Visitor: 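This structure is in structure tokens; I'll ask about it shortly.
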Amino acid sequence: MPAYLTSFGKFLPGEPVPAEAIEEYVGALGNPEIRDTVVQNGGIQTRHFAIDRDQNTVFSNTEMASNAITEAVDRSPIGLDDVDVLAVATSAGDYGGPALANMVHGDLMERPVEIVAANGFCASSMVALKSAYLMVREGEQSNAVICGSELTSRQFKSSRYANGNGLGENGDLPFDVAFLRYMLSDGAGAAVIQDRPAPEGTSYRIEWVTNTSYAHTTGPCMYVGSTGEDPEGRTWQDYKTIDEAAKAGALSLRQNMRLLPRFIRTCGKEWARLINEGYFDPDRITRVAFHYSSEALRAHFRRAFAREGVTPLEERWYSNLVRVGNIGCAAIWVMLEELTRTEGLEPGDQVLCFVPESGRFGVSMMLLTAVGPDGA
């Protein structure tokens with residue numbers, strides 16, 4: 001039984017924040033040259049924060065996810081009371097536990113539902129999607145809602161680094177932390193999955209979803225809970241106190257920049273594998289919803305694909321990174337919402353979704369075919 005994406009929703013908190021105003025929200029910290037380098041190379045012109053200029057939380061992760069889901073459902077043929085499966089992903093919920101999926105269900109809905117909770121980085125919402133999609137495809141459920149939501153600004157506000165917590169010996173923020181501080185932002189995206197197309201407009205038949213881990217090839221590349229350099233290999237839970245872990249920098253979200261070239265080569269290999277195994281025909285692809293973290297990485301992806309002897313289809317890439325920022329696992333749904341609303345895809349058009357995750361190397365991909373109300 002086919003399964004279809006029938007509507008999308010998003011929630012981007014507050015007004016767009018221009019690049020030069022980032023520190024009005026997260027605060028000035030560390031070497032301004034690092035800030036300027038990351039901002040310039042990233043190419044992000046505006047982004048959104050769920051905190052205000054006093055570093056107070058304005059929207060929780062639960063609220064952002066609920067708002068995105070509400071918009072997606074309002075645009076669909078079903079209502080909140082009709083939802084069979086709720087699948088929610090994030091890198092950091094409002095609580096360490098329960099999962100964000102449980103929190104959203106409790107705050108948004110008034111009846112029992114089956115839930116899928118996924119925790120991770122950029123590809124976590126694709127992991128959640130596959131579980132929900134398979135339930136609908138196999139006829140176990142008639143519909144599902146998938147949501148990815150990220151609120152990273154709380155982790156980077158300058159107040160978190162008071163008393164030198166997580167700072168280097170020179171008082172600066174380590175580059176592996178600063179890179180993410182000036183690159184990540186907040187937002188949520190959602191989609192409705194049904195066992196039939198929407199009665200009007202464009203729906204997408206889900207042809208396949210792959211979530212391929214390459215974690216066996218290397219250690220963590222993007223991570224939180226460790227300094228990455230502790231000689232005893234401790235995580236934040238192994239320190240004697242939370243204060244000691246914070247002082248060491250074990251609570252800071254980090255990106256191991258030295259591993260990124262290897263990660264991008266891994267992405268090229270996965271793209272080539274799916275072409276060679278017949279998952280998709282590059283000539284059939286109309287658009288590629290391509291999630292990447294920085295405009296500076298486009299050329300690196302292009303070279304990695306060329307090294308594998310496959311076309312990157314760069315002229316068909318679709319990204320709204322420069323306008324909404326890097327919102328992690330929410331990005332793919334916000335992209336698809338915008339793509340569907342603005343580009344007028346026709347039945348038969350194919351959209352390839354590409355979501356790499358550097359956490360411990362993984363690549364998620366999905367092929368969609370646009371259909372009309374009759375499913376043709």
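Values below: every heavy atom of this structure, side chains too, minus hydrogens, waters and symmetry copies. All figures in this text were calculated on a predicted structure; none of them were measured in a lab.
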Visitor: Is any side-chain heavy atom of Glu71 closer than 4.5 Å to one of Phe11?
Guide: no

Visitor: For Arg181 and Val26, indicate whether the former's side chain and the latter's backbone hold a donor-acceptor pair under 3.5 Å.
Guide: yes

Visitor: What heavy-atom pair brings Ala188 and Val334 nearest, and what distance separates the two atoms?
Guide: O-CG2, 3.7 Å

Visitor: Are Met222 and Val224 grouped together when hydrophobic residues (ILVMFWY) are joined by side-chain heavy atoms under 4.5 angstrom apart?
Guide: yes

Visitor: For Ala89 versus Leu100, what's the shortest heavy-atom pair and its separation?
Guide: O-CD2, 4.3 Å

Visitor: Report yes or no: does Arg323 contribute a side-chain atom to a donor-acceptor pair with the main-chain N or O of Gln45 at less than 3.5 Å?
Guide: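 Judged by distance alone, no pair lies under 3.5 Å.
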
Visitor: Find the distance between CG (Leu339) and CG (Asp349) and round it off to the nearest 0.5 Å.
Guide: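 If we round to the nearest 0.5 Å, Leu339:CG and Asp349:CG are 9.5 Å apart.
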
Visitor: Would Asn61 and Met103 count as a side chain to side chain contact (heavy atoms under 4.5 Å, CB included) here? Give the steps.
Guide: CA-CA 9 Å; Asn61 211 349; Met103 298 301 298; over 6 Å; no

Visitor: Under a 3.5 Å threshold, yes or no: a donor from one side chain and an acceptor from the other, between Arg205 and Tyr4?
Guide: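 The answer is no; no qualifying pair exists.
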
Visitor: Say whether Ser153 and Asp186, considering side chains only, have a donor N or O and an acceptor N or O under 3.5 Å apart.
Guide: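 The answer is yes; a qualifying pair exists.
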
Visitor: What is the ring orientation for Trp317 with Phe301, classed by angle as parallel under 30°, tilted 30 to 60°, or perpendicular over 60°?
Guide: perpendicular

Visitor: Working to the nearest 0.5 angstrom, can you tell me the gap between Ser364 OG and Leu129 CG?
Guide: 9.0 Å

Visitor: If you compare all heavy atoms of Val39 against all heavy atoms of Ala19, which two are closest, and at what distance to 0.1 Å?
Guide: CG1-CB, 3.6 Å

Visitor: Can you tell me how far apart OG (Ser294) and NE2 (His300) are? Round to the nearest 0.5 Å.
Guide: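 If I round to the nearest 0.5 Å, the distance is 8.5 Å.
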
Visitor: Test side chain to side chain contact (heavy atoms under 4.5 Å, CB included) on Phe49 and Phe156 and set out the steps.
Guide: CA-CA 11 Å; Phe49 290 129; Phe156 293 121; over 6 Å; no

Visitor: Test your reading of the model: is there a side-chain donor-acceptor pair from Asn143 to the backbone of Val192, 3.5 Å cut-off?
Guide: no

Visitor: With a sphere of 6.0 Å drawn around CD of Glu343, does it hold more than 12 non-hydrogen atoms of other residues, nucleotides or ligands?
Guide: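 Enclosed: over 12 neighbouring heavy atoms sit under 6.0 Å from CD of Glu343.
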
Visitor: Same cluster or not: Ile206 versus Phe8, using hydrophobic residues (I, L, V, M, F, W, Y) connected whenever any side-chain heavy atoms lie under 4.5 Å apart?
Guide: yes

Visitor: Could you check whether atom CD of Glu229 has more than 12 heavy atoms from other residues, nucleotides or ligands sitting under 6.0 Å from it?
Guide: no

Visitor: Would you confirm whether Glu295, through its side chain, and Gly43, through its main-chain N or O, come within 3.5 Å as a donor-acceptor pair?
Guide: no

Visitor: How close do Gly148 and Trp333 get, counting heavy atoms only, and between which atoms?
Guide: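 Smallest interatomic distance, heavy atoms only, reads N-CD1, 4.0 Å.
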
Visitor: Taking the side chain as every heavy atom from C-beta outward, state whether Asp84 and Val136 have any pair of such atoms under 4.5 Å apart.
Guide: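 No, side chains not in contact.
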
Visitor: Establish, from distance only, whether the side-chain atoms of Thr286 and Gln350 form a donor-acceptor pair under 3.5 Å.
Guide: no

Visitor: Apart from Trp236 itself, which Ile, Leu, Val, Met, Phe, Trp or Tyr residues share its cluster (side-chain heavy atoms under 4.5 Å, direct or through members)?
Guide: Ile242, Leu251

Visitor: Is Phe290 linked to Ile285 within one hydrophobic cluster, defined over Ile, Leu, Val, Met, Phe, Trp and Tyr using a side-chain heavy-atom separation of less than 4.5 Å?
Guide: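 Yes, it is one cluster - the side chains of Phe290 and Ile285 are joined through contacts under 4.5 Å.
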
Visitor: Whether the side chain of Trp271 engages the backbone of Val310 through a donor-acceptor N/O pair (distance < 3.5 Å, no angle test) should be reported.
Guide: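 Absent.
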
Visitor: Can a donor-acceptor pair be found between the side chains of Ser142 and Asp195 at a distance below 3.5 Å?
Guide: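 Checked: Ser142/Asp195 side chains show no N/O donor-acceptor pair below 3.5 Å.
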
Visitor: With Thr62 as reference, evaluate Leu108, Asp107, Asn102, Thr90 under the side-chain contact (heavy atoms from CB on, under 4.5 Å) test and give the passing residue.
Guide: Asp107

Visitor: Please check if Val209 and Leu86 belong to a single hydrophobic cluster, counting links between Ile, Leu, Val, Met, Phe, Trp and Tyr side chain heavy atoms closer than 4.5 Å.
Guide: no

Visitor: I want to check something: taking the side chain as every heavy atom from C-beta on, are Tyr161 and Val177 in contact at a cut-off of under 4.5 Å?
Guide: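 The answer is yes; the side chains approach within 4.5 Å.
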
Visitor: Could you pull out all residues at least two apart from Pro282 that satisfy side-chain contact (heavy atoms from CB on, under 4.5 Å)?
Guide: Ile275, Phe280, Thr311, Leu313

Visitor: Does Glu244 pair with Lys247 as a salt bridge, N-O distance under 4.0 Å?
Guide: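 Between Lys247 and Glu244 there is no salt bridge, as every charged N stays at least 4.0 Å from the carboxylate O atoms.
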
Visitor: I'd like to know if the side chain of Thr202 and the backbone of Ala370 have a donor-acceptor N/O pair within less than 3.5 Å.
Guide: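 It does not hold such a pair.
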
Visitor: Would you confirm whether Glu357, through its side chain, and Cys122, through its main-chain N or O, come within 3.5 Å as a donor-acceptor pair?
Guide: yes

Visitor: So do Asp172 and Ile34 actually touch side chain to side chain, heavy atoms under 4.5 Å?
Guide: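 No, side chains not in contact.
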
Visitor: Please determine whether residues Val17 and Val322 belong to a single hydrophobic cluster, defined as Ile, Leu, Val, Met, Phe, Trp and Tyr linked transitively by side-chain heavy-atom distances below 4.5 Å.
Guide: no

Visitor: Quickly, which of Tyr223, Phe263, Phe121 forms a ring-ring contact (aromatic ring centres under 6.0 Å, His included) with Phe361? Name it, please.
Guide: Phe263

Visitor: Which distance, rounded to the nearest 0.5 Å, do you find between the SG of Cys329 and the CD1 of Ile146?
Guide: 8.0 Å

Visitor: Work out which heavy atom in Leu259 is nearest to a heavy atom in Cys221; give both atom names and the distance.
Guide: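 Scanning both residues completely, I find the closest heavy atoms to be CB-SG, 3.7 Å.
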
Visitor: Hey, does the side chain of Arg254 reach the backbone of Gly249 with a donor-acceptor pair shorter than 3.5 angstrom?
Guide: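 Present.
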
Visitor: Got more than 12 heavy atoms from elsewhere within 6.0 Å of CD, Glu15?
Guide: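 At most 12 heavy atoms, drawn from other residues, nucleotides or ligands, come within 6.0 Å of this atom.
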
Visitor: What distance do Ile327 atom CD1 and Met335 atom CE have between them, rounded to the nearest 0.5 Å?
Guide: 8.0 Å

Visitor: Find out whether Met64 and His48 are in side-chain contact, i.e. whether some heavy atom of one side chain is under 4.5 Å from a heavy atom of the other.
Guide: no

Visitor: Begin from the C-alpha positions of Met126 and His291 and carry the test side chain to side chain contact (heavy atoms under 4.5 Å, CB included) through to its verdict.
Guide: CA-CA 12 Å; Met126 293 288 283; His291 173 59; over 6 Å; no

Visitor: I want to check something: taking the side chain as every heavy atom from C-beta on, are Val88 and Ser149 in contact at a cut-off of under 4.5 Å?
Guide: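 Not in contact.
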
Visitor: Within a strict 4.5 Å, meaning less than it, do heavy atoms of the Val38 and Phe175 side chains meet?
Guide: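 Yes, their side chains come closer than 4.5 Å.
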
Visitor: With no hydrogens and no angle check, is any side-chain donor or acceptor of Glu110 less than 3.5 Å from a backbone partner on Asp81?
Guide: no

Visitor: Looking at Arg265 and Ala304, what are the two nearest heavy atoms and their distance?
Guide: CA-CB, 4.2 Å

Visitor: Please determine whether side chain to side chain contact (heavy atoms under 4.5 Å, CB included) holds for the pair Arg154 and Asp94, giving the CA-CA distance in whole Å, both sets of side-chain angles, and the decisive distance to 0.1 Å.
Guide: CA-CA 10 Å; Arg154 291 185 294 200; Asp94 299 314; 3.0 Å; yes

Visitor: Give a yes or no on whether Arg111 atom CZ has more than 12 heavy-atom contacts from other residues, nucleotides or ligands under 6.0 Å away.
Guide: yes

Visitor: For a 4.5 angstrom cut-off between non-hydrogen side-chain atoms, does Val58 reach Pro13?
Guide: no

Visitor: Roughly how far, to the nearest 0.5 Å, is OH of Tyr214 from CD of Glu270?
Guide: 3.5 Å

Visitor: For Arg284, does the CZ atom sit with more than 12 other heavy atoms under 6.0 Å from it, leaving out its own atoms?
Guide: no

Visitor: Whether the Tyr279 and Glu207 side chains hold a donor-acceptor pair (N or O, under 3.5 Å, no angle test) is what I'd like checked.
Guide: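 Judged by distance alone, the side chains do not pair up.
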
Visitor: Can you tell me if Glu24 uses its side chain to pair, donor with acceptor, with the backbone of Arg53 under 3.5 Å?
Guide: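 No, because the side chain of Glu24 does not come within donor-acceptor range (under 3.5 Å) of the backbone of Arg53.
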
